[in-house]
Amino acid sequence: MKVVSLSATYPYPSSLISSITTVQRRHRHSLPAAIQPQDYPLEEHYQRKAKKYWDGFYKRHKNKFFKDRHYLEKDWGNYFSDDSCCPNGNPKVVLESHSEFREERVNAFVCNVVNDDLSRNVNPSSVDVVTLIFMLSAVSPKKMPLILQNIKAVLKPDGYILVRDYAIGDFAQVKLLDRNQMIGDSFYVRGDGTCSFYFSEDFLSTRFLEAGFSTVDINIHLKQIKNRSRDITMNR
């Protein structure tokens with residue numbers, strides 16, 4: 001089984017290297033006293049309440065918040081023949097409202113992938129490709145191994161996992177760190193109670209290796225957004 005994390009530009013611009021170095025240094029030396037690395041009580045609190053916060057998020061935003069970036073087509077087109085039924089946002093809601101949705105062709109269901117056994121809805125060792133698009137980052141890093149083992153049970157031996165997620169040094173991470181909203185190692189809570197983890201290449205590849213996967217490709221995609229009115233360049 002293999003994991004592919006695509007996107008990509010090397011070498012890093014100096015501005016991104018500066019952001020990553022700053023975040024890593026401040027994680028090591030400048031953590032708020034109430035949330036030192038050995039104990040993160042807020043992390044457990046927000047993970048227990050995750051359903052409440054994400055339900056609130058989708059109630060407010062529906063399926064309008066996450067724009068369709070066409071990742072499947074642009075980055076992973078060779079793994080798919082048709083991405084018409086692979087939206088982002090809340091998959092079940094969007095799938096069932098899609099004009100081409102057919103129950104006999106698509107098995108749409110809601111599941112807590114940390115706690116719910118995927119094999120109850122999907123046959124073991126039957127899936128060719130699994131996509132994790134800004135999904136793993138919403139979960140505590142402590143629970144990520146449970147997710148990977150759950151997915152592994154339904155993935156074919158020669159199947160693939162395709163990952164797209166937040167990287168360390170992202171502008172949003174820097175802002176959350178400035179606001180003392182870190183509740184775990186590289187794990188943050190936003191103002192609405194939802195959480196986000198920011199990955200390094202080493203962390204991501206190690207988690208998959210420990211779960212029994214081999215990495216085909218992994219790299220960082222850099223997109224710089226210029227806010228001219230505030231004269232800010234954001235690394236995303």
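Counting begins at 1 with the first residue of the sequence. Heavy atoms only: backbone and side chains are in, while hydrogens, waters and symmetry mates are out.
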Fill in: Cys195 and Ile183, any side-chain heavy atoms less than 4.5 Å apart
yes

Worksheet item: How long is the span from the CG atom in Asp178 to the NZ atom in Lys175, to the nearest 0.5 Å?
Response: 10.0 Å

Discussion item. Under the criterion side-chain contact (heavy atoms from CB on, under 4.5 Å), I'd like the reasoning laid out for Arg207 against Leu136: C-alpha separation, chi angles, the key distance, then a yes or no.
Written reply: CA-CA 11 Å; Arg207 294 293 81 75; Leu136 272 183; over 6 Å; no

Worksheet item: CD of Gln149 to CG of Leu118: how many Å apart, nearest 0.5 Å?
Response: 12.0 Å

Worksheet entry | Criterion side-chain contact (heavy atoms from CB on, under 4.5 Å) on Ile133 and Trp76, from CA distance to verdict | CA-CA 12 Å; Ile133 302 176; Trp76 303 321; 4.0 Å; yes

Worksheet entry | Verdict with reasoning, Phe197 to Phe203, per side-chain contact (heavy atoms from CB on, under 4.5 Å) | CA-CA 11 Å; Phe197 183 84; Phe203 180 94; 3.6 Å; yes

Practice prompt. To the nearest 0.5 angstrom, please state how far the CG atom of Leu146 sits from the CD1 atom of Ile151.
Written response: 11.0 Å

Practice prompt. Find out whether Val113 and Met135 are in side-chain contact, i.e. whether some heavy atom of one side chain is under 4.5 Å from a heavy atom of the other.
Written response: yes

Worksheet item: Is any side-chain heavy atom of Lys142 closer than 4.5 Å to a side-chain heavy atom of Glu44?
Response: yes

Fill in: Leu209-Leu155 co-clustered via ILVMFWY side chain contacts under 4.5 Å
no

Fill in: Whether Asn150 side chain and Asp116 backbone form a donor-acceptor pair below 3.5 Å
yes

Worksheet entry | Nearest-0.5 Å distance, NZ of residue Lys49 to OG1 of residue Thr194 | 15.5 Å

Worksheet item: Going through the distances and angles, do Asp165 and Leu132 end up as a side-chain contact (heavy atoms from CB on, under 4.5 Å)?
Response: CA-CA 8 Å; Asp165 223 316; Leu132 301 178; 6.0 Å; no

Fill in: Qualifying residue for ring pair (Phe, Tyr, Trp, His ring centres under 6.0 Å) with Tyr166, from Tyr198, Phe187, Phe171
Tyr198

Worksheet item: Quick one: OG on Ser137 to CG on Asp170, what's the gap to the nearest 0.5 Å?
Response: 10.0 Å

Discussion item. Are Gln47 and Val139 packed together at the side-chain level, in the sense that at least one heavy-atom pair is separated by less than 4.5 angstrom?
Written reply: yes

Fill in: Tyr188 six-ring face occupied by Arg190 cation (under 6.0 Å, within 45°)
no

Discussion item. I'd like to know if Lys143 and Glu43 make a salt bridge, using a cut-off of under 4.0 Å between side-chain N and carboxylate O.
Written reply: no

Worksheet item: If you look at every heavy atom in Asn107 and Asn121, which pair is closest and at what distance?
Response: ND2-O, 2.8 Å

Practice prompt. Using only heavy-atom distances, determine whether the side chains of Asp202 and Ser200 contain a donor-acceptor pair under 3.5 Å.
Written response: no

Fill in: Test applied, ring pair (Phe, Tyr, Trp, His ring centres under 6.0 Å); reference residue, Phe208; option that passes from Phe213, Phe199, Tyr160
Phe213

Worksheet item: Which value, rounded to the nearest 0.5 Å, describes the distance between Ile147 atom CD1 and Asn112 atom CG?
Response: 8.0 Å

